[in-house]
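In what follows, a single structure is set out as structure tokens and then discussed.
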Number of protein chains: 2
Amino acid sequence: LRRTGGPDLSLIVSDRPASAAAVFTQNLVEAAPVTLSREHVRRAGARMRAIVVNAGNANCCTGGPGMRAARETARHVARLAGCRPDEVVVCSTGVIGVPMRVGKILRALPACARGLAATPAGFAAVTRAILTTDTRPKWAAAQVRIGGHEVRLLGFAKGAGMIHPNMATMLAFVLTDAAVAPPLLQRALREVTERTFNCVTVDGDTSTNDTLAALANGASGAVVGTALRRPVSARAGRRGNPARAEYAQFVAALDDVCASLARQIAADGEGARRLVEIAVRGAANDQDAKRVAETIATSPLVKTALAGADPNWGRILAAAGRSGVRFDPARAVIWLAGVKVYSRGRPLPFSERAVSRRMRVPVVPMMVDLGGRRRSRSGHARYWTCDFTGDYVLINASYRT
Amino acid sequence: LRRTGGPDLSLIVSDRPASAAAVFTQNLVEAAPVTLSREHVRRAGARMRAIVVNAGNANCCTGGPGMRAARETARHVARLAGCRPDEVVVCSTGVIGVPMRVGKILRALPACARGLAATPAGFAAVTRAILTTDTRPKWAAAQVRIGGHEVRLLGFAKGAGMIHPNMATMLAFVLTDAAVAPPLLQRALREVTERTFNCVTVDGDTSTNDTLAALANGASGAVVGTALRRPVSARAGRRGNPARAEYAQFVAALDDVCASLARQIAADGEGARRLVEIAVRGAANDQDAKRVAETIATSPLVKTALAGADPNWGRILAAAGRSGVRFDPARAVIWLAGVKVYSRGRPLPFSERAVSRRMRVPVVPMMVDLGGRRRSRSGHARYWTCDFTGDYVLINASYRT
């Protein structure tokens with residue numbers, strides 16, 4: 001399906017039925033596989049068996065034939081994996097509005113099924129076959145002991161927003177051998193997404209195919225949260241109740257994996273030379289902090305200044321000022337690359353050359369304190385973005401054909 | 001004050017006291033002259049006499065000395081114009097966070113006052129002296145007959161968002177010889193701003209110094225809206241009541257001038273090669289239409305596609321889809337450069353090469369119909385933006401010093 005050739009079809013199969021949870025794009029325009037997978041997870045979230053992913057065609061704005069192509073793909077995978085079609089998650093990434101040549105997928109699936117291997121090489125192959133304009137594969141792993149069992153989590157992802165002319169999609173997957181009931185897995189995934197994948201931006205454009213899916217098949221013997229009836233927070237888990245403690249441990253591991261993938265996505269943003277970690281504190285609440293961080297992270301002026309290693313605190317302050325969040329600029333403090341550059345309404349006398357040198361690194365920290373350390377303002381957030389280079393424009397302005 | 005040299009101080013004086021109205025930046029971080037001018041317009045809005053504008057220094061994040069510099073400037077202008085300090089509007093544009101060398105302004109003001117001339121050359125000089133990174137002056141004029149008198153409106157503007165490292169500001173001014181009471185002038189200005197200056201974007205970054213000010217001194221003898229007591233709409237003006245009709249005529253002329261200036265600003269956006277006029281219709285209401293238009297207008301992916309003359313309807317649809325406005329993508333229709341490219345959930349079979357050729361012009365029209373012509377969905381909006389080129393990044397990534 002890829003115009004450039006190379007592997008573009010991936011199959012992931014669980015030995016046993018797995019709990020499934022998923023978070024999909026919030027774009028009103030959604031691709032056929034998103035509509036289908038949403039339906040499958042809702043219907044068969046307790047016994048999911050497989051994920052199939054193709055790159056090269058997003059199967060979006062493809063009408064009835066597109067939906068039939070997604071369904072046929074699920075049916076073929078089900079036959080090969082010995083499960084029901086609704087036990088298959090289908091994902092596509094690539095060009096929008098081009099009819100899906102589903103025959104090519106169906107013919108290639110048997111070879112994919114024969115090649116299934118629980119090996120590092122098999123995993124590495126999948127992390128590469130899902131990529132589009134990414135420059136490198138992205139994966140992360142975590143291990144955690146729950147109830148005497150060693151639980152493993154393995155995550156991999158592609159893309160960052162919509163990152164090529166008509167190439168759509170962020171896709172991310174987390175596989176674990178913990179046993180987690182679907183509603184709890186869904187809650188954990190939502191909770192973690194809010195502070196990882198939802199805190200990353202390359203260009204602010206959300207895609208029609210974004211999908212984050214998690215499968216938990218219980219092969220480790222560890223059970224997370226069976227005793228769990230009432231809502232819990234990660235913090236509550238530290239007190240007593242073993243089920244809650246296990247949930248907190250699992251969420252912490254899931255957070256590690258997802259945060260790593262989110263960072264990798266921002267770092268590999270189109271044309272990016274550096275990853276920027278934005279921390280905002282001193283807000284009235286976490287939502288306000290996130291809104292300020294997001295406005296800074298998506299500001300073209302902040303992002304181009306980062307490309308030029310320009311310690312341009314004025315743009316950071318002005319972005320915070322237009323975020324819609326109330327704060328007193330005269331109390332705000334800004335640190336850039338570890339140097340305090342603005343405080344109490346005015347720039348500090350720092351060496352622009354020295355700070356610029358500190359910004360010429362792969363990971364640049366930025367911190368904005370909105371409240372000047374008052375106790376009542378403890379809202380905070382972190383956000384990842386990348387610099388905005390001429391290569392971004394080059395890549396995205398190039399004519400498709 | 002300019003590092004590059006050249007005229008950077010402008011003085012506009014009205015022969016007689018003028019009604020004043022103004023709209024200022026909504027950024028929480030605001031420059032000293034904005035704070036001061038807001039106060040002056042509130043206090044002396046019925047007898048404003050002068051506007052003074054400097055380029056080269058935004059006088060923002062300059063603390064107490066910055067505020068004193070703005071006040072001193074107003075005092076000096078007042079002495080030269082024979083008025084009170086609060087009858088002066090002060091505007092600054094340029095670098096943020098650099099102390100204002102107000103002495104240079106005060107020393108230059110007498111020469112400015114001596115050079116005052118109600119001539120085309122005098123006006124042309126002012127339209128140039130207020131510029132920063134703009135590539136050309138921007139002005140517009142309109143004439144309208146009100147109550148037997150010929151009324152003139154003359155507008156000029158600079159900038160587009162924050163368009164240079166630490167260069168801030170859009171400034172726009174409209175001068176007219178109609179007589180309009182301050183509250184009515186303010187209402188007209190707000191009404192027109194909503195559909196002109198508030199419908200233009202270059203990079204989505206609002207500045208700390210944005211100011212739109214209008215002076216109406218009544219020299220023409222025409223009086224707008226004296227009989228006006230209750231709220232009116234432009235539409236109501238067409239029915240009977242002469243005061244309302246005059247208000248409608250005046251607003252229409254003001255709209256002409258401001259729309260022209262707004263278009264000129266987008267067309268001269270940093271690095272821009274083409275102006276894009278976005279029309280959205282078929283929305284549930286005008287607010288929804290504007291929100292969709294704004295999301296499309298600020299999307300880096302749409303703007304880079306425009307730079308590449310890529311008829312990438314998928315990005316336009318996806319931007320509309322993430323705007324937060326509910327609509328049915330299967331009913332939406334998209335026209336690009338006058339060609340219908342998407343309808344009923346799928347692309348139409350158009351020639352990409354032909355549409356691309358039609359996009360290689362200075363002004364590209366784009367239309368999105370969200371509702372497929374149903375009567376209940378009559379909300380519409382227009383928005384102006386420009387393409388996003390490598391030059392934008394080059395200009396904004398270049399290190400300040």
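All chains are named by letter (A, B, ...) in the order of the sequence lines, taking the proteins before the strands, and each is independently numbered beginning at 1.
- Here the closest heavy-atom approach between residue A:Pro347 and residue B:Cys61 is recorded as CD-O, 3.5 Å.
- Residue contact with chain A, scored on non-hydrogen atoms closer than 4.5 Å, is absent for B:Pro99.
- Nearest heavy-atom pair across B:Val393 and A:Val393 is CG2-CG2, 3.7 Å.
- Per-residue heavy-atom pair counts under 4.5 Å with chain A were compared for B:Arg346, B:Glu30, B:Arg326, and the maximum is reached by B:Arg346.
- Across every non-hydrogen atom of B:Thr208 and A:Ala318, the tightest pair is CG2-CB, 4.2 Å.
- Between A:Arg322 atom CZ and B:Leu28 atom CG the span is 12.0 Å, to the nearest 0.5 Å.
- Contact of A:Tyr342 with chain B is made through the side chain alone, with heavy-atom distances under 4.5 Å.
- Rounding to the nearest 0.5 Å gives a distance of 7.5 Å between CD1 of A:Ile96 and CG of B:Leu317.
- The candidate with the highest count of non-hydrogen atom pairs below 4.5 Å against chain A, out of B:Val325, B:Asp387, B:Thr62, B:Asp391, is B:Thr62.
- To the nearest 0.5 Å, atom OG of residue A:Ser323 and atom CG of residue B:Asn27 are 8.5 Å apart.
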